[in-house]
Protein chains: 2
Amino acid sequence: MDKQRDDTIASRISRALAERIISGALTPGERLRQDHIAEEFGASHVPVREAFRLLEAQGLAVSEPRRGFRVAAFDLKEVREVAEMRAVLEVLALRHAIPHLTAAILDRAEAATVAADTSRDVRSWEAANRAFHRLLLTPCGMPRLLASIDDLHAASARFLFSAWRSSWEARTDHDHRAILAALREGRGDEAAKILERHVGWIGKTPVKTATGETREAFSIVG
Amino acid sequence: MDKQRDDTIASRISRALAERIISGALTPGERLRQDHIAEEFGASHVPVREAFRLLEAQGLAVSEPRRGFRVAAFDLKEVREVAEMRAVLEVLALRHAIPHLTAAILDRAEAATVAADTSRDVRSWEAANRAFHRLLLTPCGMPRLLASIDDLHAASARFLFSAWRSSWEARTDHDHRAILAALREGRGDEAAKILERHVGWIGKTPVKTATGETREAFSIVG
DNA sequence: GAATCAAAAATTATCTATAATTTGAAAACA
DNA sequence: TGTTTTCAAATTATAGATAATTTTTGATTC
């Protein structure tokens with residue numbers, strides 16, 4: 001295994017920290033102390049600072065000049081904001097992707113939906129769900145748009161994990177199937193409409209906490 | 001004048017370079033040599049590297065690992081992409097801003113439109129146009145969305161300046177006035193519809209070059 | 001045209017200064 | 001006498017400068 005392939009130390013640290021922030025291992029508002037992180041990764045603080053800037057660009061960290069960086073906080077308002085941005089951007093991407101969608105792509109997307117429906121924890125569900133969306137949108141060929149959507153997906157995943165920390169129960173994603181059916185039958189506008197509603201929906205759902213209690217929590221579904 | 005107010009050297013350098021990239025002083029594809037830039041700003045290359053990361057996040061620079069940074073290139077495809085992203089995101093912002101729009105805000109937006117129509121160079125036109133859009137969208141109260149729109153505006157300005165390098169002739173912006181009229185009369189959906197078409201439009205326009213020739217160029221108008 | 005070597009530039013490490021936060025002691029007040 | 005507040009010193013951490021190390025690139029030679 002190559003010690004360094006084609007990426008820099010900064011981007012490696014950034015990916016590692018992003019993973020921790022999204023998974024909830026680093027909690028909102030927590031300080032990111034550059035010297036500690038540098039020591040942990042066996043690097044100096046210079047690449048660590050660059051990693052912080054990358055995280056800042058993804059909305060996962062915030063900079064307070066002369067006071068360092070913190071893990072970005074989020075509230076229901078921002079969950080809504082991210083969902084609505086995703087909704088309009090994913091619809092835009094889908095409209096451009098439709099002419100380039102092939103039967104093979106739709107089959108792979110259906111496989112991703114099946115994987116999501118049968119997944120036994122929230123992490124594998126999220127991975128499968130993300131794969132579904134990426135498969136349908138990537139053919140749009142708009143790199144800047146896709147990068148924005150990726151960042152919003154990361155934020156969504158963070159919200160998702162913060163709600164479903166402990167338990168998870170499988171459910172069938174009827175929206176995904178309806179989108180695929182519409183696309184297969186050439187009803188692109190309808191597919192876009194379902195996608196917009198699907199991604200933009202935010203609602204209260206019963207969530208089981210680690211202690212076994214059940215509480216209401218806001219959550220995304222797409 | 002304070003040597004440092006509340007911002008860091010990195011962000012100052014970033015702003016200065018962004019200005020140069022947008023104005024065209026730094027050309028697409030040009031290498032950003034950190035040592036030279038550090039020397040110019042009387043700093044070391046550590047803050048310069050952070051500035052590069054900030055520019056990268058705005059889409060104004062691209063990183064080539066182990067080979068440094070370059071000014072981001074752009075083509076007609078990306079101009080289109082930015083325009084379409086702006087169109088859907090600005091419509092989303094406007095819909096949320098509408099309930100919070102006041103007569104005072106609409107008056108200031110109208111003043112910005114007048115300023116745009118009477119501006120004698122492309123830079124002041126761009127500033128006034130940007131002010132118009134910001135005035136209408138800021139009340140949406142969605143910081144992440146507004147930040148994305150700002151970045152897209154910067155990209156748009158870059159395309160604009162690259163087309164109209166030399167001459168500029170004033171013209172009346174009927175779309176802006178139609179949007180204001182619709183908003184004043186409570187026809188929010190129509191305002192959103194006009195805005196979407198206005199921002200998303202890309203077309204060929206005669207452009208006078210520095211040598212006095214006239215050529216066709218693609219350009220944004222919103 | 002390929003290979004080797006040198007120069008230039010990027011990346012990272014180490015070191016320093018400055019700003020922010022915390023700690024602790026002293027003073028004021030109840 | 002106990003509690004709270006204020007102020008200053010000490011500690012800690014960030015931001016930046018300087019130095020060392022790779023990596024890339026360009027030139028020259030075989």
Side-chain angles (χ1 to χ4, degrees), chain A residues 1-21 25-73, chain B residues 1-21 25-73:
Chain A
M1 179 167 58
D2 255 342
K3 203 167 286 181
Q4 45 205 36
R5 18 182 190 274
D6 63 340
D7 54 3
T8 172
I9 289 183
S11 64
R12 265 207 302 279
I13 296 177
S14 166
R15 273 198 302 276
L17 293 179
E19 155 69 24
R20 288 186 202 174
I21 294 173
L26 291 171
T27 60
E30 189 170 344
R31 291 192 64 178
L32 294 168
R33 293 200 294 282
Q34 59 180 18
D35 287 344
H36 295 207
I37 292 169
E39 193 184 10
E40 181 193 337
F41 286 90
S44 81
H45 77 95
V46 178
V48 171
R49 291 185 61 76
E50 286 186 46
F52 288 172
R53 292 290 183 196
L54 291 167
L55 294 172
E56 187 185 18
Q58 292 172 66
L60 296 177
V62 292
S63 159
E64 303 174 41
R66 291 258 151 219
R67 246 180 284 187
F69 288 77
R70 291 181 175 278
V71 176
Chain B
M1 179 168 59
D2 255 343
K3 202 166 285 180
Q4 48 203 36
R5 18 182 191 275
D6 64 339
D7 53 4
T8 171
I9 291 183
S11 64
R12 266 207 302 278
I13 295 177
S14 167
R15 275 199 301 277
L17 292 179
E19 157 68 27
R20 289 185 202 174
I21 294 173
L26 291 172
T27 59
E30 189 170 343
R31 287 193 66 177
L32 295 167
R33 292 201 292 281
Q34 58 182 17
D35 288 341
H36 297 202
I37 292 168
E39 192 183 12
E40 180 193 338
F41 286 91
S44 77
H45 43 226
V46 177
V48 172
R49 290 184 61 75
E50 285 186 44
F52 287 172
R53 293 290 184 194
L54 292 168
L55 294 172
E56 187 184 20
Q58 292 171 66
L60 296 177
V62 291
S63 160
E64 302 176 41
R66 301 254 155 220
R67 246 180 286 187
F69 287 78
R70 291 182 175 278
V71 177

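Lettering follows sequence order; numbering is per chain, from 1.
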Minimum heavy-atom distance between [X] and [Y], given as atom pair plus value:
| X | Y | result |
| --- | --- | --- |
| A:A10 | A:P47 | CB-O, 3.5 Å |
| A:A72 | A:G59 | CB-O, 3.5 Å |
| A:A61 | A:F52 | CB-O, 4.5 Å |
| A:A18 | A:L60 | CB-CD1, 3.8 Å |

- Task: For DNA chain C, determine which residues of residues 42-55 of chain B have any heavy atom closer than 4.0 angstrom to one of its atoms, and list them numerically.
- Result: B:H45, B:R49
- Task: Mind running a 4.0 Å heavy-atom check of residues 28-35 of chain A against DNA chain C and sending the residues that fall below it, in number order?
- Result: none
Between [X] ([atom1]) and [N] ([atom2]), how many Å, whole number?
| X | N | atom1 | atom2 | value |
| --- | --- | --- | --- | --- |
| A:I9 | D:dT22 | CD1 | P | 12 Å |
| B:E64 | D:dT23 | CD | C1' | 14 Å |
| B:R66 | D:dT23 | CZ | P | 6 Å |
| B:I37 | C:dT11 | CD1 | P | 12 Å |
| A:D7 | C:dT11 | CG | P | 12 Å |
| B:F41 | D:dG16 | CZ | C1' | 16 Å |
| A:E39 | D:dA13 | CD | C1' | 14 Å |
| B:H36 | C:dA8 | NE2 | C1' | 9 Å |

When rounded to the nearest 0.5 angstrom, what distance separates [atom1] in [X] from [atom2] in [Y]?
| X | Y | atom1 | atom2 | answer |
| --- | --- | --- | --- | --- |
| B:T27 | B:R70 | OG1 | CZ | 10.0 Å |
| B:D7 | B:I13 | CG | CD1 | 11.0 Å |
| B:I21 | B:Q58 | CD1 | CD | 8.5 Å |

- Query: Should A:R67 be listed as having a side-chain N or O under 4.0 Å from OP1 or OP2 of D:dA13?
  - Reply: no
- side chain to side chain contact (heavy atoms under 4.5 Å, CB included) test vs A:L26 passes for just one of A:E19, A:R31, A:R20, namely A:R20
- Message: Show, in sequence, the C-alpha distance, side-chain angles and deciding distance for B:R53 and B:E56, and conclude whether the salt bridge (Lys or Arg N to Asp or Glu O under 4.0 Å) test is met.
- Response: CA-CA 5 Å; B:R53 293 290 184 194; B:E56 187 184 20; 3.3 Å; yes
